[in-house]
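Proteins come first, then strands; the chains are lettered A, B, ... in the order of their sequence lines, and each starts at number 1. Computed from a predicted model, the values in this text were never measured in an experiment.
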Protein chains: 2
Amino acid sequence: MSSIKDVSRYAKVSPSTVSRVLNGTAPVNSETKKRVLKAVKKLNYQPNAFARGLVTNRSGSIGVIINEISSPFHSAIVQGIETVVEPTGMHLIVSSGHNKLQPERNALNFIVQRRPEALILRLETLSDKEFLDWLRSEPAQTLPIILLGRYIPELSKSCVCLDNELGGYLATKHLIDMGHKKIAHISGPLSMKDSCDRLQGYRRCLETSGLSYDETLVIEAKFTEESGQQAMQRFFDQGKDFSAVFIANDQMAMGALYTLRQLNKRVPEDISIVGYDDLLFARYLYPALTTIRQPLAAMGEAAARLALRALEHKTIDIKQKFEPELIQRQSVLRFA
Amino acid sequence: MSSIKDVSRYAKVSPSTVSRVLNGTAPVNSETKKRVLKAVKKLNYQPNAFARGLVTNRSGSIGVIINEISSPFHSAIVQGIETVVEPTGMHLIVSSGHNKLQPERNALNFIVQRRPEALILRLETLSDKEFLDWLRSEPAQTLPIILLGRYIPELSKSCVCLDNELGGYLATKHLIDMGHKKIAHISGPLSMKDSCDRLQGYRRCLETSGLSYDETLVIEAKFTEESGQQAMQRFFDQGKDFSAVFIANDQMAMGALYTLRQLNKRVPEDISIVGYDDLLFARYLYPALTTIRQPLAAMGEAAARLALRALEHKTIDIKQKFEPELIQRQSVLRFA
DNA sequence: TTTCTTGATGAAATCGCTTTCATAAAAGGT
DNA sequence: ACCTTTTATGAAAGCGATTTCATCAAGAAA
């Protein structure tokens, strides 16, 4: 693969001049410039980003850590990030944490070695303490770091998040307002903060509404379609009695809907359902899913803007706190 | 951020020794080794991937170009690629072509500058000719390149694809076998080869079955949920008469299902539907979508394996031709 | 004792760029 | 005509790693 030296030889100039032409960092005689450009085209020269990054100390990349690119939840976030980062000519280097501690640590080291200019992290398993320790260490000190979906007081200026406890509360409140008294819950993995918060919101709402919290009406699942399917099945296997379920994400809700159909339970006539996230498919399900909306793309955009802002040392005000919002569709019916 | 020099100073050895410890490329006295490792930990040293890549000429990355990470179709592919690449310690650098010519070209240059060790490309808009020209030029000559979803005879050894014409045929055949005579089609953008092939398969099936091809029963849409919604609406606005529709991807089928529900048309009693792709959500729709399955993750895996194989100059035989398969669910009914 | 391995280490070159510094020619000012 | 800018360019240093080559001590072989 040709280097700047090849180009300079071909154009009969020095490498410095080639660099100047390509970067426009200094005036170059227009004849010379033409020769250089011709050589570049002729040799199909593509500058080596490594060499350039090494000397300029700018990698042109932003590191992103999420659990799994392939989940609709995370790809919505990444898409938001991408829409603001791409126009700047920078690129994303995304690594998957797989919701496991060691992979998450690895992803972090891995990304740091690529010398991103900023970091957008959606950490699930790393504890606040370990993360703060890491923050105090060398690499993190100089790097703008944005936290997605986690709030750490020490970093309040760089957290983008949404009140999941409130979201859980709103979901449950809606069901109670619609007359439901026996409300089950399918939660995500309780190792994840989001799950706990939503469960907590559910619980608080029950209790402040004078309904008792019944832990046998709560099943911990895994945020996947299949686990939602199984959880719902389990409720019926156990002969539980309930008229509504708050399900901690739309993917599980989709699975649960499927099980209910198998079981010949009508939604919302027999069972009302509220999901969480408002992923794209939610409105297309049957019945269209009533859910708590998280503006994932917007949150991704906010995180990216925050990161870019930090790079430019500017201080534009960017929304960091997002509110969960109830989206009413067809999966909830007033309980008679 | 600390460099190998800082570590070497701290451990009172030369940079060479630090490098040797970290890479295990030469025997190092165990006392010395301990000192170095302590320094590494103390300084939180992370080697600069740029510098390393520059000298070793190995970037540890594989370039991927797809249209849009956030689409469930593409993220299924990426996920397949990731599952085989990640365990090797390499990483993906994915860039979006956005299904537009210039962005696709840019993505290509952009990625080449990052010096990936192999390329996995799902090109939509770049013509065969332009692509082959590019292949003949410098950067491509030395780089293993895998083509996903496109077959170019000159590159037959590195194409992973699926016969979309056959897929279109199978979908239509199923509807005809079920007694349907008036079969509409919602296609993807006809600028995309996949769309053309599926349309072509649809057409061939009609004609070989003694049904005439009626172009007013074909609407070109955009492979998005919303465009599927609109296309279906248009059929009814135009008062078209048909008992079944073959829809060129599941996302549009999902949109179309929605429109049909709005219109109080029952699926499959009034209208039968066959989709394409068999994305995860297809089985969860109501009615569960009969569709043509593309094993996207497996194709991604195959592409990745092919790329890695090329890197190691090994010759394991890897499946490159995938077959479309009809998955029967609930969205098709025998036409009385 | 002398020579030959072997093991452990450091010095220095190198990868492909950018950037500073130096220099020479051309242009401008008096 | 002389000095000062300005413009255009090249030489060389340096980014942070790896790797080759050289060195040196210590133990083995003769």
[atom1] of [X] versus [atom2] of [N]: gap in Å, rounded?
{"X": "A:R35", "N": "D:dA8", "atom1": "CZ", "atom2": "P", "value": "14 Å"}
{"X": "B:M1", "N": "D:dC15", "atom1": "CE", "atom2": "C1'", "value": "14 Å"}
{"X": "B:L22", "N": "D:dG16", "atom1": "CG", "atom2": "C1'", "value": "13 Å"}
{"X": "B:K5", "N": "C:dA11", "atom1": "NZ", "atom2": "C1'", "value": "12 Å"}
{"X": "A:R114", "N": "D:dA17", "atom1": "CZ", "atom2": "C1'", "value": "13 Å"}
{"X": "A:Q46", "N": "C:dC17", "atom1": "CD", "atom2": "C1'", "value": "15 Å"}
{"X": "A:N48", "N": "D:dA17", "atom1": "CG", "atom2": "C1'", "value": "14 Å"}
{"X": "A:R52", "N": "C:dT19", "atom1": "CZ", "atom2": "C1'", "value": "13 Å"}

Problem set entry | Heavy atoms from other residues, nucleotides or ligands near NZ of B:K319 exceed 12 (cutoff 6.0 Å) |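 Enclosed: over 12 neighbouring heavy atoms sit under 6.0 Å from NZ of B:K319.
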
N or O in side chain of [X] less than 4.0 angstrom from [N] OP1/OP2:
{"X": "A:S19", "N": "C:dC17", "result": "no"}
{"X": "B:S3", "N": "D:dG16", "result": "no"}
{"X": "A:N23", "N": "C:dT18", "result": "yes"}
{"X": "A:T32", "N": "D:dT9", "result": "yes"}

Exercise. What class does the angle between the rings of A:H91 and B:F110 fall in, given that below 30° is parallel, 30 to 60° is tilted and above 60° is perpendicular?
Worked result: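 Because their plane-to-plane angle is over 60°, the rings of A:H91 and B:F110 count as perpendicular.
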
Among [options], which nucleotide has an atom closest to any side-chain atom of [X]?
{"X": "B:L54", "options": "C:dC17, C:dC15, D:dA8", "value": "C:dC15"}
{"X": "B:R115", "options": "D:dA17, C:dG10, C:dC17", "value": "C:dC17"}
{"X": "B:Y45", "options": "C:dG16, D:dA17, C:dG10", "value": "D:dA17"}
{"X": "A:S16", "options": "D:dA17, C:dT9, D:dG10", "value": "D:dG10"}
{"X": "B:T56", "options": "C:dG16, D:dT18, D:dG10", "value": "D:dT18"}

Exercise. A:S75 and B:I69: which non-hydrogen atoms are nearest, and at how many Å?
Worked result: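 That closest heavy-atom pairing would be CB-O, 4.1 Å.
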
Exercise. Mapping A:R20 and A:I4 to their closest nucleotides on DNA chain C, which lands nearer the 5' end?
Worked result: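 The residue whose closest nucleotide sits nearer the 5' end is A:I4.
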
Problem set entry | Interatomic spacing from CD in B:E82 to CD1 in B:I62 - rounded to 0.5 Å |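 B:E82 atom CD to B:I62 atom CD1 measures 12.0 Å (nearest 0.5 Å).
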
For this session: Pick base, sugar-phosphate or nothing for B:V13, based on heavy-atom distances below 4.0 Å to the nucleic acid.
Result: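 Answer is sugar-phosphate: B:V13 comes under 4.0 Å of backbone atoms only.
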
Problem set entry | Cationic tip of B:K321 above B:Y151 ring, under 6.0 Å, 45° of axis |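 Yes, B:K321 sits over the ring of B:Y151.
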
